[in-house]
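Have a look at the structure below, then the notes.
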Amino acid sequence: MTAALSAHELIARHRSTLDQALEAIRTRAYWSPHPEHPKAYGEHGSLDAAAGKAAFDALLGTRLDLGQPGTDDWVGGETSPYGVDLGVTYPHADLDVLLPAMKAGQRAWRDAGAEQRAVVCLEILKRVSDRTHEFAHAVMHTSGQAFMMAFQAGGPHAQDRGLEAVAYAYVEQVRTPDNAEWTKPQGKRDPLAMTKQFTPVPRGIALVIGCNTFPTWNGYPGLFASLATGNAVLVKPHPRAVLPLALTVQVAREVLAEAGYDPNLMALAAERPGEGIAKTLATRPEIRIIDYTGSTEFGDWLEANARQAQVYTEKAGVNTVVVHSTADYKGMLSNLAFSLSLYSGQMCTTPQNLLVPREGISTDQGPKSYDEVVADLAKSVDGLLGDDARANALLGAIVTPDVKARLESAAGLGEVALASREITNPDFPGAVVRTPVIVKLDGAKPDAEAAYMSECFGPVSFAVAVDSASDAVELLRRTVREKGAMTVGAYTTAPEVEQDVREACLEEAAQLSLNLTGGVYVNQTAAFSDFHGSGGNPAASAALCDGAFVANRFRVVEVRREA
């Protein structure tokens with residue numbers, strides 16, 4: 001295969017970015033090569049806002065032909081949560097044709113080496129970045145995120161997570177040298193001398209099972225970790241969120257071919273309505289790695305049944321915030337209100353349970369009773385979302401009827417402190433937009449436990465009254481141990497309470513945010529610095545991103561001979 005992009009050219013173009021990423025994961029300091037502001041795009045080949053919107057509009061109603069082998073049908077059916085019928089169709093694959101074709105290119109990709117694979121991945125990310133405006137509309141109209149969130153989370157933040165995975169993959173692969181000379185003294189006899197060669201080899205074909213809410217942000221880490229470690233990657237998007245990942249596959253195939261590698265190292269597995277091919281794919285012997293984000297039920301099924309594969313899952317959890325005391329009551333309420341409202345709570349990191357002592361909390365504004373804390377939080381959410389234009393920009397749209405049904409039924413679980421209201425989106429009248437509901441529950445009552453000990457995905461939170469700070473910590477500990485948590489938050493001015501919360505999170509392996517009152521929120525994590533999930537509690541079997549996330553996607557094979 002003739003390369004239009006030489007290895008030397010790719011290294012010259014991207015090695016400095018890789019080096020900066022390696023430094024960022026070492027220091028954990030802030031760094032990103034992908035601009036967050038929409039106005040930063042439009043130069044050096046990237047699409048500006050108008051061109052990106054036009055590119056997205058041009059996709060609607062078209063067939064996205066990826067040139068994959070084994071295409072036996074064309075499938076589609078995505079409808080935007082904003083009420084737009086996308087009308088895009090995608091190749092449906094005959095797996096008995098596609099999978100062998102994907103495997104055929106792995107030898108040359110393996111022999112390319114860690115650095116070359118890394119810079120090819122960075123070229124893919126650069127081209128995706130240049131189309132961030134286009135991708136933002138694709139993410140918005142498949143996930144229901146508001147545009148600015150879709151732009152940032154689906155664009156630069158997702159690209160950062162992909163680059164982070166490439167950096168970790170590179171580090172782990174070059175940990176072992178390519179060659180070694182080994183000499184063992186034998187006293188008066190001649191020493192034993194060996195030459196040894198070490199080669200990272202891929203496990204096989206990796207399967208990425210995409211999610212509806214964050215197709216790129218959750219999809220890119222596994223996709224790029226597997227590709228950078230030498231594996232071919234088959235992307236099985238969520239049937240309601242195909243377009244962002246299909247465009248990614250399209251870009252990746254173009255770059256691989258231009259760099260002289262088999263484009264079938266990356267392919268798409270779209271499905272017919274109701275076909276449910278994830279189980280079929282997950283148990284195929286060719287699939288050796290699986291990345292999955294979604295429900296606990298299917299994640300547990302994968303872990304139990306996809307025995308031939310390394311399985312990395314991000315499942316459901318019950319995220320908890322302990323509210324004990326604060327030195328910035330207004331800031332605490334504002335921070336929590338934003339966290340509960342962002343993307344209508346449809347994030348795996350959104351707080352669900354707020355544990356508040358029933359005797360109240362101490363604040364810089366004096367003592368506040370449990371009822372006052374909950375009422376003031378409700379007022380803060382109301383104030384944040386009181387203007388419909390701002391509410392639409394924060395809430396986005398409800399992604400599925402199931403989320404809407406959970407929201408509506410939550411009001412019957414206890415006393416409603418904040419009722420959800422319907423908001424009209426003037427630009428998209430078909431969008432279902434709802435503000436959050438806050439329900440008061442008594443943590444001591446067994447009938448309340450069924451509610452707060454289950455994930456209620458969406459804009460639903462429970463203000464759980466507990467007897468004391470120690471009871472709150474114990475409930476936090478039990479929740480993380482039994483149900484898992486992607487995030488934990490705590491507000492306290494008491495060193496002993498902070499220590500107890502910290503110890504609970506260390507023992508149960510949950511990521512903790514303390515006393516957030518400014519512009520950083522518990523449900524946001526920064527690539528290269530924050531770990532998303534821990535892999536140490538039931539919410540996820542892996543962390544995004546650490547060495548463990550990439551190191552078992554390849555093995556090192558040794559060839560040795562006498563010198």
Side-chain angles (χ1 to χ4, degrees), residues 5-29 31-34 105-129 158-180 197-204 206 208 219-233 248 252 255-256 259-261 265-266 288-289 291 310 312 526-532 542-558:
L5 287 171
S6 70
H8 177 77
E9 181 182 359
L10 285 169
I11 291 171
R13 187 179 296 180
H14 297 298
R15 180 69 216 204
S16 64
T17 302
L18 177 61
D19 288 340
Q20 290 176 81
L22 296 173
E23 179 67 6
I25 63 173
R26 186 188 71 81
T27 64
R28 318 306 295 182
W31 175 76
S32 172
H34 304 114
Q106 282 197 152
R107 178 176 178 177
W109 188 234
R110 176 201 70 198
D111 293 345
E115 182 182 48
Q116 186 63 18
R117 286 193 294 270
V119 294
V120 169
C121 287
L122 265 61
E123 178 67 20
I124 296 169
L125 284 164
K126 174 63 169 64
R127 295 195 190 182
V128 170
S129 176
Q159 295 152 22
D160 282 350
R161 282 296 184 192
L163 175 54
E164 178 186 44
V166 173
Y168 272 99
Y170 179 81
V171 167
E172 294 300 326
Q173 288 174 98
V174 301
R175 187 182 302 279
T176 303
D178 293 339
N179 298 284
Q197 184 181 42
F198 304 97
T199 304
V201 299
R203 282 192 170 274
V208 175
Y220 282 6
L223 186 158
F224 283 101
S226 289
L227 191 63
T229 49
N231 304 278
V233 180
T248 305
V255 171
L256 286 163
Y261 301 102
L265 288 164
M266 181 77 70
R288 303 304 302 276
I289 301 167
D291 287 277
Q310 288 289 319
Y312 302 87
F528 311 109
S529 187
D530 295 322
F531 292 109
H532 176 75
L544 304 180
C545 183
D546 60 8
F549 184 68
V550 299
N552 216 9
R553 295 172 190 262
F554 68 95
R555 308 309 298 159
V556 176
V557 174
E558 175 185 359

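Along the sequence shown, the residues carry numbers beginning at 1. Computed from a predicted structure; not experimentally measured.
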Between R161 and E164, does any side-chain N to carboxylate O distance fall below 4.0 Å?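 Looking at R161 and E164, the cut-off is met.
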Atom of [X], atom of [Y] and distance for their closest heavy-atom approach:
X: Y220; Y: V128; answer: OH-CG1, 3.6 Å
X: F549; Y: A225; answer: CE2-CB, 3.9 Å
X: F528; Y: A21; answer: CE2-CB, 4.1 Å

Applying ring-ring contact (aromatic ring centres under 6.0 Å, His included), name anything that partners F554, two or more places apart in sequence or on another chain.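 Residues passing ring-ring contact (aromatic ring centres under 6.0 Å, His included) with F554: none at all.
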Donor-acceptor pair, side chain of [X] and main chain of [Y], under 3.5 angstrom:
X: R117; Y: W109; answer: yes
X: R553; Y: P202; answer: no
X: R28; Y: I25; answer: yes
X: T229; Y: S226; answer: yes
X: Q106; Y: A232; answer: yes
X: Q173; Y: A169; answer: yes
X: N231; Y: G204; answer: yes

Can you name the side-chain contact (heavy atoms from CB on, under 4.5 Å) partners of E115, sequence neighbours left out?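 If we apply the side-chain contact (heavy atoms from CB on, under 4.5 Å) test to E115, skipping adjacent residues, the hits are I11, R15, Y170.
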Under the side-chain contact (heavy atoms from CB on, under 4.5 Å) test, residues paired with R288 that sit two or more places apart: R203
Please report the C-alpha distance between R107 and D111 in whole Å, then the side-chain angles of each, then the deciding distance to 0.1 Å, and finally whether the side chain to side chain contact (heavy atoms under 4.5 Å, CB included) criterion is met. CA-CA 6 Å; R107 178 176 178 177; D111 293 345; 3.9 Å; yes
For a side chain to side chain contact (heavy atoms under 4.5 Å, CB included) check, start with the C-alpha distance between T27 and E23, then their side-chain angles and the critical distance, and finish with the verdict. CA-CA 6 Å; T27 64; E23 179 67 6; 3.3 Å; yes
